[in-house]
Every structure is written in structure tokens, then in C-alpha cells.
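Structure first, then comments.
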Amino acid sequence: MQFGHFDDRAKEYVITRPNTPRPWSNYLGSLDYGAIITNNAGGYSFYKSALSSRFLRLRSNSVPMDQPGRYFYLRDQVTGDFWSSSWQPVGKPLSKYKSTCRHGTAYTIITSRYSAIETESTYFVPLGQAFEYWRLKVTNKSKQPRTLALFTYCEMASPWHMPNDLTNLQYSQFITKATVDQEMLGMAVHPYHAFDPQNLMGCHRLWMTLVGAPLIGYETVRERFLGSVYHTYANPQAVIEGRCSNFLAEGENAIGTLQTEITLQPGETRELIAMLGLGTPESHGYAARAEFGTPERCEAELQKLKQHWHSLLGAVKVKTPDAEFDAMANTWGAYNALITYTWSRHASLIYNGERDGLGFRDTVQDFLGAMPMLREQIRERLELMLTGQVSNGGAMPVVAPFSHQPGTMPPPKREEYRSDDCQWFFNAIPDYVAETGDLDFYRKVLPYADQGEATVLGHLRRALEFNLERSGKNGLPCGLHADWNDCVKMGYNGESVMVAEQLRFGLATYATIAEKLHAVYCPGDATPSSRPPDHGEDAAAPAPSSYLAEAAWARTELTRLEAAIQKAAWDGEWFLWAIGEDGYRYGSKTESEGKIYINTQVWAVMSGAATPEQGRKCMDALKRDLATPYGIMLSAPPFTHTPPTVMGGVIYNHGIKENAGIFCHTQSWAVIAEAMLGNGDQAYDYYRAFMPAAYNTRAELREIEPYVHCQTTYATCNRNAGKSRVPWLSGTASWSHHTALQWILGVRPELDGLRIDPCIPRSWPGFTMTRVFRGKTIRIEVKNPNGVSKGVGSLVINGKKIDGNLAPLDRLTDGTKVVATLG
Ligand code: GLC
Ligand code: GLC
């Protein structure tokens with residue numbers, strides 16, 4: 001069943017049936033002003049933190065699950081009939097009510113037609129501003145004049161603190177106070193826990209105003225608007241009666257209802273604008289209204305916002321034979337990656353804002369997806385995360401962006417360290433350096449979270465040492481509190497094969513970086529020095545020749561680790577996941593539950609730990625035992641009898657999350673592994689199995705947004721098979737975008753140029769990509785005349801043939817055309 005379609009030109013997803021299987025949402029706002037809106041105008045807003053600076057309320061997991069929101073109610077003043085400009089909350093019969101929703105890049109436009117009245121409501125936050133526009137256009141399509149009462153509605157969170165707002169009612173209900181004048185409503189909240197990241201207001205204040213028609217009434221208390229505690233948003237008494245009580249809140253649940261009345265001649269359109277913003281009317285409201293409160297300005301701001309996002313997304317443009325793949329690569333995958341990067345695991349309809357820290361491993365992985373769009377802008381966050389690394393090489397599990405003070409943070413307790421956290425730097429940092437050419441970044445000195453400082457290279461060295469120093473009986477890194485899988489309980493000194501593979505990848509990457517630094521910063525100098533490596537408190541940029549010593553060190557460790565992996569972790573057909581402190585072998589053929597896991601197979605290939613034979617064998621086993629039409633299960637068979645002390649995932653039902661669910665985050669790794677092995681058809685099949693757009697015409701199966709990635713999908717062993725859950729904020733968004741561009745299309749930035757190494761389905765005749773790289777627009781065409789998957793046979797740059805498959809930097813100028821022919 002189909003509920004909408006992709007409008008690729010407008011970069012919009014158009015929902016044509018409002019009764020989607022779940023609310024389908026979008027994001028408005030920026031890094032400072034956050035806002036979520038659904039196709040039925042549900043959602044909430046916050047300033048920087050959805051936890052502690054939340055000002056519009058959402059009752060998580062309520063019914064309907066996206067209410068309240070930002071509503072316009074309309075009432076026919078003659079008949080008394082009423083409805084809303086989004087299908088919900090009034091919910092008129094769909095036989096009489098038509099609606100579309102266009103989710104765009106940080107704006108949403110909802111149209112309705114009911115009773116010969118058409119509306120178009122547009123929601124967005126103008127760039128750099130701390131207020132939201134709700135623009136309403138109303139058109140009379142009937143043959144008579146129509147008089148309509150209009151009401152806005154939003155519900156404010158008191159005291160701007162999500163858990164307190166929803167649970168501490170004996171307190172939060174008594175701290176709001178409203179003011180009003182002819183044009184503006186003010187709402188002050190006097191919270192006990194004032195958290196005001198920028199000291200914007202001293203206390204929490206909002207203003208709200210209506211432009212385009214006179215304010216004839218207002219309501220500021222929810223129960224007064226609804227009229228009775230037994231009414232709902234579907235039938236508010238004020239709308240039923242067409243009249244507000246003009247009561248100023250002094251305590252109770254605060255809302256923003258502004259009422260006006262308009263008369264429309266047949267064919268006439270009126271435009272109204274509601275504005276809701278941060279600050280008092282005096283500090284911000286009047287000025288914002290004066291400057292921004294006109295239809296022309298509102299439209300100009302919308303265009304500016306679109307332009308901003310479209311130019312971000314315009315960094316990469318692809319055209320392949322698969323339109324659904326293109327819709328993801330050009331718009332939705334990129335946008336999803338940016339939103340995930342921005343809001344981490346913090347604010348969505350599922351992540352309801354109850355935590356606002358940056359989870360270490362997730363955040364470091366989130367860089368990958370955002371990299372092609374944000375490039376240099378990534379650096380600040382990257383530095384923040386590097387300063388979340390502890391001087392022993394491990395990491396703070398969560399970096400609190402509002403209170404993090406490098407050099408002064410108490411280090412985590414021993415049992416809190418995750419074993420994988422800093423290993424993700426070996427994906428993120430080289431990708432940043434390759435994208436930007438900022439090789440010098442490795443020499444930048446940054447503090448550790450607790451004490452001391454080191455160059456970025458020194459931080460990387462400590463990351464490797466952290467795991468090397470904490471190795472177990474078999475010479476593999478200990479799992480500590482957890483590896484990537486939060487649920488594997490291998491015991492602190494149990495060993496993680498996944499982390500061993502990551503560490504192998506890290507050591508190899510480190511050696512390559514050190515060699516590159518040597519080549520660039522000390523050409524001609526080939527003597528390794530005996531100077532100790534740079535790390536810890538005595539950090540300084542290392543003496544040039546020590547770079548080679550670093551590389552040699554990493555390669556020695558790598559050889560030793562590789563032998564240990566081969567000895568302890570190969571199970572004959574695939575790799576184990578872990579070896580418990582007590583010797584328990586996770587993911588072995590001798591097990592009846594959790595016999596095989598995806599991650600250690602795909603990472604064996606990605607890291608180079610697997611021999612070519614092992615690589616093929618374990619990927620085949622993965623396909624046989626884990627692949628389903630909806631994606632690859634995390635492990636199988638599901639856990640039933642395994643005690644939770646061994647596998648926490650046993651608490652989940654079979655086939656979801658960490659109990660043999662399809663954990664979408666991991667899918668891209670299988671795509672990368674197959675791409676590395678040269679199997680373009682298989683890589684692509686795995687990609688499409690979890691690609692949201694591939695489900696657009698059967699959206700009832702997946703249920704969530706067909707333009708959004710998700711954390712997890714029910715596997716075939718569960719009767720919810722195919723249903724996806726936890727949309728928007730997940731490592732899936734980041735890795736899938738990275739994988740589409742760098743591994744399927746295979747255009748990989750490297751320090752010295754663009755590597756062109758696609759691995760595509762054999763049936764593709766080719767594809768094109770236009771990509772911004774180091775400030776230049778490069779046009780790439782890949783031709784596949786012989787129907788192969790991989791292997792560039794010829795590379796032609798601006799008409800000149802080049803050896804190999806690297807388009808070197810010195811040949812790339814703005815507009816350069818690169819033609820690669822496969823086979
Ligand atoms: C969630 C966590 C992530 C973890 C994964 C597997 O997605 O956010 O950090 O790796 O679960 O347990
Ligand atoms: C964390 C992760 C979640 C995982 C859980 C397991 O909450 O975010 O994905 O299922 O840990 O303990």
C-alpha cells in the first residue's frame with residue numbers, strides 16, 4: 001500500500017493519505033532551535049536540548065502518539081461545523097476530508113480541503129532565528145461568502161524540562177503565567193531548575209502572535225480551551241462554541257490559542273501567520289513581528305531556508321538506474337544523516353528527549369554520514385569527542401555537550417568503559433582528513449577529558465593502547481562493559497572478537513596515517529627514532545622521524561593480534577563474537593542459540609582479519625543463516641534459554657533488537673564487506689533490503705516513514721516480520737549514506753584524490769555522480785559496458801587517460817570530468 005511519493009525535484013516527500021500506519025515525521029529548525037512535526041501537525045519544540053530546554057510538549061507514546069502539536073482549528077460560523085487544517089486532531093471522515101503533507105528539508109506544508117474550504121499550512125523556523133512560523137492560507141472554494149473562526153493551538157511544557165513536565169505535576173502545574181496585549185501573548189515559566197544554555201531569557205519565556213487578521217480572543221489554559229477534562233483535542237469546547245474565554249494563565253497547563261475571524265468571498269484567499277518564539281514580547285517578540293511578520297518576508301525566509309538545505313544536500317548528486325536509490329542518496333539519506341548528526345539519539349517521536357548527552361560510540365559513527373555535506377564544519381564536534389577521550393585511551397560513555405570541560409572531567413569508573421568507543425575514530429578521522437585534506441589535524445594538540453593532552457595522532461595511539469593493554473587470556477581485547485552490542489555480557493575480562501577486528505583495522509589505519517605524516521612532514525628522512533611515542537601528558541608534536549617508528553609499532557602489534565584472532569576466533573565456518581571471561585564461546589556452531597552473529601563476519605572482511613577464503617566462507621554462512629528479505633539478523637537462532645547474565649538481549653522478543661532482530665545499523669557493514677569482495681549484486685540486494693524507499697509502495701509492511709532509516713526491523717521469526725521501528729536517529733542513517741556513496745558507487749575521498757572504485761549490480765549500465773570535493777565540483781561518469789560489478793579498467797580525466805583508479809588531486813579542478821569504465 002502506498003501513502004505517498006518522492007518529489008525529487010522539490011526534495012520533498014508527499015504524503016497523499018493522512019492515515020499513515022504511524023505518524024510520519026520531519027524536523028524543522030537548526031542546531032539551536034529543534035522542532036519535530038508529523039504529517040498531522042503533531043510534535044514538539046525545544047531550544048538546544050529537548051531534555052532541559054523543552055517548550056512544546058509531547059506526551060510520548062500517548063494515543064494518538066503524535067499529540068499535541070501545532071494546530072489550526074477552523075469553524076464555520078454559520079453552521080458551527082469545525083475541523084483542523086491537518087486531518088488530526090479533529091479527524092473528519094476521510095471521505096469528506098482531503099489532505100496532503102509535503103515534508104521538505106526543514107519545513108513541512110500540509111494542505112486540506114473540507115467543506116469547500118482549502119487550507120495550506122506551512123511550518124518552519126527561519127535560518128538563524130529563534131521562532132517558528134506557522135503560515136496559514138485559507139481559500140474559499142464555495143459559491144457563497146464564508147465566515148470562519150480560526151484558532152491556533154500548541155501546548156507549552158512547564159517547566160521546560162521534559163521528565164519534570166510529564167511527571168512532577170505537583171510542581172509543574174503551578175509555575176506558568178500569561179500576559180497579553182492587542183497583538184501578542186506572552187508566557188513565562190518560573191522553573192525551579194532553570195537551565196538556559198545561553199542565558200537567553202533569565203527565565204523561560206515565550207511569545208506568540210498572529211499576523212494578517214485581528215486578535216479577537218485567546219485561551220492560555222488547556223482545560224479552558226477543551227472546556228472539560230473529558231474533552232480531547234478532537235472536540236475542544238472553545239471551537240465548538242466559536243468563542244474563547246480570554247483568561248490569562250496563572251498556573252495550570254499553558255497553551256497558545258489565538259483566535260481570529262475572517263470572511264472570505266467565493267474564490268478569495270487569506271493569508272495568516274502565527275509566530276511562536278523564545279523570549280518575552282519585549283525582548284524578542286515585537287521586534288520579530290515587526291521585522292518578520294509579513295507574507296513577503298515569510299515567503300522569502302522559506303526560500304532562504306530551502307536554498308540553505310538544498311545547497312548542503314547539493315554536495316553530492318547521483319543518477320543511477322534506481323530512482324529509489326537516488327531519492328535516498330540525493331535527498332533523504334543525506335538529510336537523515338544530517339538530522340542524526342545534529343540530534344544524536346536525543347529528539348524524535350521515540351527518543352522523547354529524556355537524555356541529551358552525546359553517546360560516544362554513536363556520535364563518533366555519526367560523522368561518517370554527515371561528512372560529504374558538512375566537511376570542515378565537522379571539526380568542532382570531532383574535537384569535542386576527542387576531548388571526551390580519557391588519558392588512559394578509553395572514553396567517557398557520554399559527552400555532555402553543555403557541561404563538558406576537557407581536562408577536568410572525572411574519569412569513568414573502571415566498570416563503565418566500553419571497549420569499542422574510541423575505535424570508531426579510525427573510521428571518522430581519516431574520513432574527515434580525506435574529505436577536507438586537513439592532514440595537519442593529526443598534529444593538533446587536544447586535551448583529554450580528565451587530564452593531560454596529546455596530538456590527535458597521540459589520541460589515536462592511546463585508543464589503540466587502551467585495548468592492547470586490556471587484553472584477555474587469548475590475546476584479544478577485553479569486552480569491558482560492552483562492545484558495539486550493548487547486550488553481550490562477556491564479563492569485564494571476556495574478549496570481544498568484534499573489537500579485536502576493529503583494533504586490527506585501527507592498527508592498520510594508524511600505520512598508514514603515520515607513514516603519510518612521515519612522507520609529508522619529513523620527506524627524505526627514513527630513520528625511525530627511538531623517541532618514545534607521543535601520548536599522555538608529555539605530548540607535543542612528535543619528532544618527525546618518530547612517525548615511522550609509530551608505523552612499525554602498529555604493524556608489529558597488528559601481526560601479533562592477527563595471529564591471536566586466527567587462533568582463538570575462527571570457528572571453522574565463521575568467526576565467534578566473543579569469548580567470555582569464563583570461557584563461554586559466543587557465536588559458535590556448538591551453540592543452539594546465538595550461534596552466529598553478523599558483526600564479526602562483516603568486520604572480519606572490513607578489517608582484513610579474514611583470509612580471502614575465510615571472508616567468502618563467513619559471508620556465505622551469514623547469508624544462509626541470517627539474511628531475510630527485510631535485512632540481515634544480528635544473530636541467530638534467537639535467545640530463549642540463555643540467561644540474561646550472558647545475553648541481555650534475551651529480554652527482547654525473538655526477532656527484534658538485540659535478540660536476533662534486524663539491527664539496521666549493521667546492514668551497511670555487510671554491504672561494504674560484499675563490495676570489498678567484489679559482489680555487487682549481493683551488496684546491492686543487502687542494501688535494498690533495508691533501504692526505506694524500497695518499501696514505498698508497500699509501506700504498510702514497514703509502517704514507518706519510507707524516506708527514513710530506522711534502528712531495527714522485526715525479523716521473519718517474529719509475527720511482526722518486516723515492521724521497522726525507531727526511525728530517524730540511528731547509526732543506520734550515517735553508515736547507509738556513507739556506504740551508498742563510498743562503497744556501492746565507490747567514490748571515496750582520499751588524501752591524494754578521489755578513488756573511483758564502484759561495486760554495482762551487473763545489470764547497471766553505469767551511473768553519474770557530481771560531487772563537491774575540496775571546494776571543486778567534480779563530474780564523474782561510470783560506464784559498465786560489459787556488465788561487471790567491480791574493477792575500473794580505464795580512467796579518463798578531462799579526456800586524458802590515467803593509470804589506476806585514483807583521480808589525483810592535481811588533476812581535479814572545478815568542473816573536471818572523470819570517466820571510469822568498468823571491466
Ligand atoms: C543502540 C545503541 C548503540 C548500540 C546498539 C547495539 O543502537 O545506540 O550504541 O551499538 O544499540 O546494542
Ligand atoms: C541501550 C541501547 C539499546 C539496547 C539496550 C540494551 O539502551 O540504546 O538499543 O537495546 O541498551 O541494554
Side-chain angles (χ1 to χ4, degrees), residues 336-337 339-348 350-369 385 388 394-399 412 416-425 427-428 479-490 496-499 501-502 577-578 586-587 594 597-600 602-603 606 626 631-635 638-639 642 644 646-653 655-670 690 704 708-715 724-736:
N336 198 167
I339 294 292
T340 300
Y341 172 81
T342 303
W343 297 120
S344 189
R345 306 298 176 274
H346 175 181
S348 68
I350 306 298
Y351 291 107
N352 44 41
E354 91 283 2
R355 51 182 174 182
D356 64 4
L358 297 169
F360 203 93
R361 84 159 70 90
D362 291 347
T363 303
V364 177
Q365 291 171 81
D366 288 346
F367 288 114
L368 290 177
M385 296 315 287
M396 319 259 308
V398 173
V399 176
E416 285 169 354
Y417 285 104
R418 274 71 171 161
S419 49
D420 64 325
D421 277 348
C422 286
Q423 291 308 317
W424 300 106
F425 280 139
N427 300 99
L480 313 182
H481 179 88
D483 65 8
W484 176 89
N485 187 336
D486 282 322
C487 292
V488 174
K489 310 259 183 243
M490 58 201 111
S496 165
V497 177
M498 165 135 191
V499 177
E501 292 167 348
Q502 289 187 278
W577 180 292
Y586 293 77
Y597 287 74
I598 177 176
N599 286 10
T600 40
V602 294
W603 270 90
M606 287 165 70
L626 299 177
I632 304 162
M633 294 154 84
L634 182 58
S635 64
F639 301 100
T642 306
V646 172
M647 173 29 93
V650 70
I651 58 165
Y652 291 119
N653 279 300
I656 191 70
K657 298 268 294 186
E658 286 97 334
N659 192 0
I662 296 162
F663 221 103
C664 298
H665 187 141
T666 67
Q667 308 296 301
S668 293
W669 300 334
F690 79 100
I704 59 163
V708 183
H709 279 290
C710 69
Q711 184 202 59
T712 186
T713 299
Y714 285 99
S724 291
R725 295 292 180 254
V726 197
W728 282 106
L729 308 180
S730 120
T732 320
S734 187
W735 276 101
S736 62

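Start at 1 and go down the list; that is how both ligands and their atoms are numbered. Because only heavy atoms are used, hydrogens play no part in the values below, and waters and symmetry mates are left out as well, while side chains stay in.
Less than 4.0 angstrom separates some heavy atom of N485 from each of these atoms of ligand 1: 12 (O). In the vicinity of Q711, heavy-atom distances shorter than 4.0 Å reach the ligand 1 atoms 1 (C), 7 (O). If you number the atoms of ligand 1 from 1 as listed, the ones under 4.0 Å from a heavy atom of D362 come out as 2 (C), 3 (C), 8 (O), 9 (O).
Between I662 and Y714, every side-chain heavy-atom pair lies at or beyond the 4.5 Å cut-off.
Close N/O approach between E658 and ligand 1 is found [any backbone or side-chain N/O within under 3.5 Å]. Checked by distance only, ligand 1 and R345 stay at 3.5 Å or farther apart across all their nitrogen or oxygen atoms.
Taking the six-membered ring for Trp and the full ring otherwise, the centers of W484 and Y597 sit at least 6.0 Å from each other. Note: F425 and F360 meet the aromatic proximity criterion, with ring centroids under 6.0 Å apart.
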>> Walk me through whether R345 and D366 qualify under salt bridge (charged side-chain N to carboxylate O under 4.0 Å, His left out).
In response: CA-CA 10 Å; R345 306 298 176 274; D366 288 346; 3.0 Å; yes

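The shortest heavy-atom contact between H665 and G731 is ND1-CA, 3.6 Å.
With a heavy-atom cut-off of 4.0 Å, H665 does not touch ligand 1 at all. Both the backbone and the side chain of D486 come within 4.0 Å of ligand 1, counting heavy atoms alone.
Put simply, CG on N599 and CG on D483 are 8.0 Å apart, with the number rounded to the nearest 0.5 Å.
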